[in-house]
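Here the structure comes first, spelled out in structure tokens, and everything after it is commentary.
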Amino acid sequence: MRSLTTLLLLCVCCFAYAQKATKKTFLISSIGNNPLLYNQISTVDINSGKTSENVFDNNRKYSSRNNTYRSYDKQEDNDDDNDKDDSKKPLTSSVACIAYDAKSERLFYVPLNFSELRFMDLKESTPCFTYLRNQSLNLMHHKDDVANQITRMTIGKDGFGYALSNDGEHLIKFTTQGTPVIQDLGVLIDNPSNQVLVRSSCTSWGGDIVAAADGSLYLVTIRNHVFKISLPSKKCDYIGMIKNLPAEYTSNGVSADENGEMIVSCGTSIGKSFSPLYKVKFPSLEASPVGQKINGIGNISDLASSNLLFQKSDKDDDEKKKVKSTAEVFFVQSEATKEENNLPDFTIFPNPVTRGKFQVRSSNIKEKGEYRMLLLDVNGKAVVEGRMNLGLKTNINSFNFPSQYAKGIYFVQIADIYNRTVYSQQLIVE
């Protein structure tokens with residue numbers, strides 16, 4: 001019964017988040033004399049290679065909300081204080097990852113050198129941004145912590161946002177409607193047969209991820225390697241290396257066009273003779289250029305669209321409508337559901353905390369041993385630290401919330417003996 005319920009919910013989610021194919025693709029690019037400062041948002045028609053809209057750059061006026069719990073609009077006039085403090089600018093000095101959610105009409109991103117999810121509300125008549133400072137990702141230990149920098153992001157078929165750190169230690173999942181809720185799903189897992197490892201700094205950092213019509217994610221690294229990430233298991237299968245790209249080409253961005261085909265973009269194409277955009281065919285991974293030049297656009301750090309990789313084109317849908325189906329509908333347990341039943345399970349309760357105490361329930365922990373629980377405040381400072389011995393059986397560990405700390409939003413992180421985050425969850429203390 002549980003399997004049937006799960007599958008029904010998955011079917012509902014797929015229907016709810018179905019989006020019409022679109023030619024519009026958002027991109028982050030550099031402008032002017034700073035080819036590696038990616039702080040301009042534009043749209044481009046992939047087929048023609050023509051830009052249609054300058055959505056935003058740091059020289060434009062905008063309104064902002066510091067967080068969604070204390071919601072207010074403040075008109076920023078780009079005064080001297082804001083010019084000196086990059087963190088107050090919507091795009092700071094550079095952005096390497098964006099994701100477009102067509103249902104909420106929000107463009108999500110994480111600025112470079114910051115562990116903070118932000119979004120631009122495209123429904124507003126003037127540029128309007130929300131900074132989720134009360135829900136900081138708390139990944140970066142310092143400003144130059146490249147390993148923990150979020151550089152890959154997309155919106156999945158299920159309607160959730162997904163973001164990935166450079167080192168593959170943190171796959172982040174977030175809601176896209178209302179006040180986003182952020183969860184750290186933990187570490188990517190290599191298939192033992194992988195010829196290239198998904199967390200290797202030499203081959204697999206940087207690049208971008210794109211959601212596929214089968215519910216998986218595809219990672220294209222800056223070195224042009226392709227992985228398939230299965231959800232919810234986080235298992236990664238190495239697909240291969242993109243062929244026929246120029247020798248100096250780096251895949252900084254990836255998205256899908258209206259036909260469900262993969263498009264990659266280069267972040268260092270200025271001054272080069274090759275096109276910044278290439279189309280990649282599956283399963284051969286052969287690439288071909290899309291146009292030769294995009295006027296008014298510099299290097300491209302990332303791409304985003306509402307299309308899914310391998311989605312059916314509008315033409316295919318029209319052909320299907322001409323044929324009446326008489327097939328019977330039946331339900332079976334999906335592979336995703338089977339995998340989900342074998343995953344480690346963590347639960348934090350009560351949440352919200354009302355009496356100064358919370359518990360961590362765990363089960364199905366295949367890697368037995370000592371784990372560490374950290375309770376972090378919104379600035380990433382640890383206020384409680386505890387040890388837990390976990391295994392396959394259900395374990396419940398209790399922790400006291402220090403009375404000297406204020407009520408508000410905190411984050412529970414659980415790490416294994418190798419200091420890899422295996423679970424992360426927001427905790428509200430009332």
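The model shown is predicted, which means the values in this text are computed figures rather than measured ones.
Checked for salt-bridge contact, Lys157 and Asp214 miss the test: no charged N lies under 4.0 Å from a carboxylate O. A salt bridge does not link Arg372 to Glu370: none of the charged nitrogens lies less than 4.0 Å from a carboxylate oxygen. Between Lys243 and Glu286, none of the side-chain N atoms (NZ, or NE/NH1/NH2) sits under 4.0 Å from a carboxylate O, so this pair counts as no salt bridge.
One distance of note links NZ of Lys279 with CG of Asn259; it measures 6.5 Å at 0.5 Å rounding.
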Report task. Go through the steps to decide whether Asp57 and Leu91 satisfy the test side-chain contact (heavy atoms from CB on, under 4.5 Å), and finish with yes or no. Result -> CA-CA 8 Å; Asp57 62 63; Leu91 306 184; over 6 Å; no

Query raised in the report: Going through the distances and angles, do Lys103 and Gln177 end up as a side-chain contact (heavy atoms from CB on, under 4.5 Å)?
Result: CA-CA 8 Å; Lys103 187 172 184 180; Gln177 310 294 312; 4.0 Å; yes

Requested in this report: Evaluate the criterion ring pair (Phe, Tyr, Trp, His ring centres under 6.0 Å) for residue pair Tyr218 and Phe282; output intermediate values, then yes/no.
Outcome: CA-CA 12 Å; Tyr218 277 75; Phe282 277 80; 5.7 Å; yes

Query - Worked verdict on Asn395 versus Ser363 for side-chain contact (heavy atoms from CB on, under 4.5 Å) - result: CA-CA 6 Å; Asn395 295 270; Ser363 60; over 6 Å; no

Report task. Could you walk me through whether Asp167 and Asn148 pass side-chain contact (heavy atoms from CB on, under 4.5 Å), step by step? Result -> CA-CA 7 Å; Asp167 60 8; Asn148 285 302; 3.8 Å; yes

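For the pair Lys173 and Phe160, the distance from NZ or CZ to the six-membered ring centre is under 6.0 Å and the angle to the ring normal is within 45 degrees. Cation-pi geometry between Arg118 and Phe129 is not met: the NZ or CZ atom fails to fall both under 6.0 Å from the ring centre and inside 45° of the normal.
In this view, Asp416 and Arg420 satisfy the side chain to side chain donor-acceptor pair (under 3.5 Å) rule, not counting sequence neighbours. Evaluation of the ring pair (Phe, Tyr, Trp, His ring centres under 6.0 Å) rule for Tyr249 yields Phe274, Tyr278 as partners, not counting sequence neighbours.
Under the 3.5 Å distance criterion, with hydrogens and angles disregarded, no donor-acceptor pair is assigned to the side chains of Gln149 and Asp145. For the residue pair Asn224 / Ser251, a side-chain donor-acceptor distance below 3.5 Å is found, with atom types taken as modelled. Between the side chains of Asn166 and Thr151, at least one donor N or O sits under 3.5 Å from an acceptor N or O.
Residue Tyr162 is tested with Val210, Leu231, Ile172 for a side-chain contact (heavy atoms from CB on, under 4.5 Å); the sole match is Leu231.
In this pair, His225 and Tyr238 present their aromatic rings tilted. The plane angle is within the 30 to 60° band.
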